[in-house]
Structure formats: structure tokens, C-alpha cells
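What follows is a short report on a single structure.
What's counted below: heavy atoms across the whole structure, side chains too, no hydrogens, waters or symmetry copies.
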Amino acid sequence: MIKQISDTKEKQRIARLVLEALPEWFEVESSREEYISECAHWIFLEAEADGEPVGFLCLKETGRQTVELAVMGVLKNYHRHGLGRQLVEKAKEAAKEAGYEFMQVKTVKMGMYDDYDRTNLFYIGCGFKEFEVLPDHWDKANPCQIYVMHLG
């Protein structure tokens, strides 16, 4: 089940639970803590299984018409069960309802790391289109791939 969470402390609790369980993607403590802190102010969707949080997705505004899928995580035991796709579909609905026309997401460019290659394929499978690579956005070892999606 996917539901929107509005309580700031609950958002942070869920984000911490999930992100700390995914070190392959969120190993840098300062970045992980920034996501946990900032998610309190973003549109927050939770994925539940058996009444417990097993994933989440956050949207933040990056422009008057654009929202970014800022952070997303699903516990490994629930990978390949459709929860990530359900979160993205619900995020598209929430973004449209909030008046946004576009959604973007940033990740590490395809071909750098196996874990991120799976992430890229996931976003492409959800309907995101390649937009641009920013080679120095993060650092040379992690070129930033931007994907976009029209919500119309």
C-alpha cells in the first residue's frame, strides 16, 4: 500500500529506517543525513507491507512547473516486487495534483556502477527519458545523469 505522509517526524523516521538499510546507495553519511533532514519539507510517499514501512519516495520543487524525485528507497527484501514502480506512479499523481508538469530525477550515469545501472534501468522502465549528463555535478567518478518525464 502507498500513502502520503504529512507528519514531519514520521517522514524522518521512515527515511532513516530505509536509507540506513541501503548502504550501497546511501553510504555517505552526510548525504544520507541531509536527505533525512530535508524530507520533512517535501511531498513524502510511503510504501507499506504488513503495516510496516518498507520504502518511500520524496518529491521536491525545483521550478514552478517541475518537481524532482529527490530521494527514493525500498528495502532490499522488497526489490522486484513492484513497490518502486507503485511509488513512482503515486508520485506522478501527487505531482500532477499539485500542479506540476514535469518530473526529473538525478542518478549516477549508466556504465559507472552495477547498482546504479539497475537504478537507471528502473527509471527508464518507469517512463523517464534521458535529458542530460553533468560530468562534474557531484564529482568525476559519479557523473550526474538527469532524466525527465512530462506529467501530462
Side-chain angles (χ1 to χ4, degrees), residues 1-108 110 113 115-132 137-138 142 144-152:
M1 176 165 87
I2 309 297
K3 65 182 182 179
Q4 192 163 338
I5 304 293
S6 58
D7 179 78
T8 57
K9 296 290 185 200
E10 184 66 2
K11 290 176 181 182
Q12 292 174 320
R13 183 187 75 79
I14 295 165
R16 180 170 303 284
L17 175 98
V18 173
L19 296 183
E20 288 181 350
L22 298 170
E24 297 90 333
W25 292 274
F26 301 101
E27 68 181 326
V28 178
E29 184 179 0
S30 60
S31 296
R32 187 177 62 242
E33 290 302 318
E34 186 174 336
Y35 284 132
I36 292 166
S37 173
E38 292 296 316
C39 76
H41 310 292
W42 299 333
I43 296 171
F44 191 103
L45 302 171
E46 173 198 25
E48 279 188 356
D50 300 319
E52 295 296 321
V54 296
F56 77 99
L57 180 153
C58 290
L59 298 175
K60 73 172 182 176
E61 182 175 283
T62 56
R64 287 181 303 181
Q65 301 300 316
T66 306
V67 68
E68 179 178 359
L69 192 166
V71 61
M72 174 183 183
V74 173
L75 297 178
K76 280 187 167 183
N77 289 349
Y78 294 90
H79 284 193
R80 314 276 321 147
H81 288 86
L83 287 177
R85 187 172 298 276
Q86 289 174 40
L87 280 164
V88 171
E89 288 303 313
K90 190 72 167 175
K92 288 164 50 178
E93 291 172 21
K96 278 192 232 181
E97 288 173 14
Y100 296 104
E101 289 187 48
F102 299 95
M103 185 184 302
Q104 67 169 316
V105 65
K106 295 180 184 96
T107 191
V108 176
M110 185 81 83
Y113 309 101
D115 289 333
Y116 281 101
D117 286 355
R118 286 192 296 276
T119 300
N120 279 269
L121 293 172
F122 169 77
Y123 289 133
I124 291 166
C126 287
F128 283 92
K129 305 295 182 198
E130 289 184 32
F131 180 69
E132 183 176 13
H137 181 71
W138 293 312
N142 297 292
C144 175
Q145 172 70 62
I146 301 173
Y147 292 101
V148 295
M149 174 189 296
H150 185 261
L151 298 171

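Among pairs with a residue in residues 70-96, those fulfilling ring pair (Phe, Tyr, Trp, His ring centres under 6.0 Å) read Trp25-His79, at least two apart in sequence or across chains.
Residue Tyr35 holds its OH atom at 8.0 Å from NZ of Lys60, rounded to the nearest 0.5 Å. Taking CG from Asn120 and CZ from Phe128, the interatomic distance works out to 11.5 Å, rounded to the nearest 0.5 Å. Taking CG from Leu19 and CD1 from Ile36, the interatomic distance works out to 5.0 Å, rounded to the nearest 0.5 Å. Taken from CG in Leu59 to SG in Cys39, the straight-line distance is 12.0 Å, to the nearest 0.5 Å. Taking CD from Gln12 and OG from Ser37, the interatomic distance works out to 6.0 Å, rounded to the nearest 0.5 Å. For the atom pair CG of Leu69 and NZ of Lys106, the computed distance is 11.0 Å after rounding to the nearest 0.5 Å.
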- Message: Please evaluate residues Met110 and Leu121 with respect to the criterion side chain to side chain contact (heavy atoms under 4.5 Å, CB included), reporting the C-alpha separation (whole Å), side-chain torsions for both, the decisive distance (0.1 Å), and the verdict.
- Response: CA-CA 9 Å; Met110 185 81 83; Leu121 293 172; 3.7 Å; yes
- Message: Between Arg16 and Arg13, is the side chain to side chain contact (heavy atoms under 4.5 Å, CB included) condition met? List the steps.
- Response: CA-CA 5 Å; Arg16 180 170 303 284; Arg13 183 187 75 79; over 6 Å; no
- Give the intermediate values and the outcome of side chain to side chain contact (heavy atoms under 4.5 Å, CB included) for residues Asn142 and Tyr113. CA-CA 9 Å; Asn142 297 292; Tyr113 309 101; 3.1 Å; yes
- Query: Could you go step by step and tell me if Met72 and Phe122 meet the side chain to side chain contact (heavy atoms under 4.5 Å, CB included) rule?
  - Reply: CA-CA 12 Å; Met72 174 183 183; Phe122 169 77; 3.7 Å; yes
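Side-chain atoms of Leu151 and Glu101, non-hydrogen and from C-beta on, never get closer than 4.5 Å to each other. In this structure, the side chains of Val108 and Trp138 come closer than 4.5 Å at one or more pairs of heavy atoms. Looking at heavy atoms from C-beta onward, Val148 lies out of side-chain contact with His150 at the 4.5 angstrom threshold. Within the 4.5 Å cutoff, side-chain heavy atoms of Lys92 are placed close to those of Met149.
Looking at every heavy atom in both residues, Leu83 comes nearest to Ala47 through CD2-CB, 4.3 Å. Closest non-hydrogen pair, Ala95 versus Val67, comes out as CB-CG1, 3.7 Å. Here the closest non-hydrogen pair linking Pro23 and Glu20 is CD-O, 4.1 Å. Contact between Glu46 and Pro53 at its shortest, heavy atoms only, is OE2-CB, 3.1 Å. Here the shortest heavy-atom pairing between Ala94 and Ile43 reads CB-CG2, 4.4 Å. Smallest separation of non-hydrogen atoms from Leu22 and Gly73: CD1-CA, 3.8 Å.
For Lys129, the side-chain contact (heavy atoms from CB on, under 4.5 Å) criterion is met by no residue, not counting sequence neighbours. With sequence neighbours excluded, no residue forms a side chain to side chain donor-acceptor pair (under 3.5 Å) with Glu130.
A side-chain contact (heavy atoms from CB on, under 4.5 Å) with Val88 holds for exactly one of Val105, Ile2, Leu57; it is Leu57.
Within 6.0 Å of CD in Glu10 there are more than 12 heavy atoms belonging to other residues, nucleotides or ligands.
Aromatic ring orientation, Phe56 versus Phe44: parallel (interplanar angle below 30°, classes split at 30° and 60°).
Under the 3.5 Å distance criterion, the side-chain polar atoms of Lys11 are matched with a main-chain donor or acceptor of Trp42.
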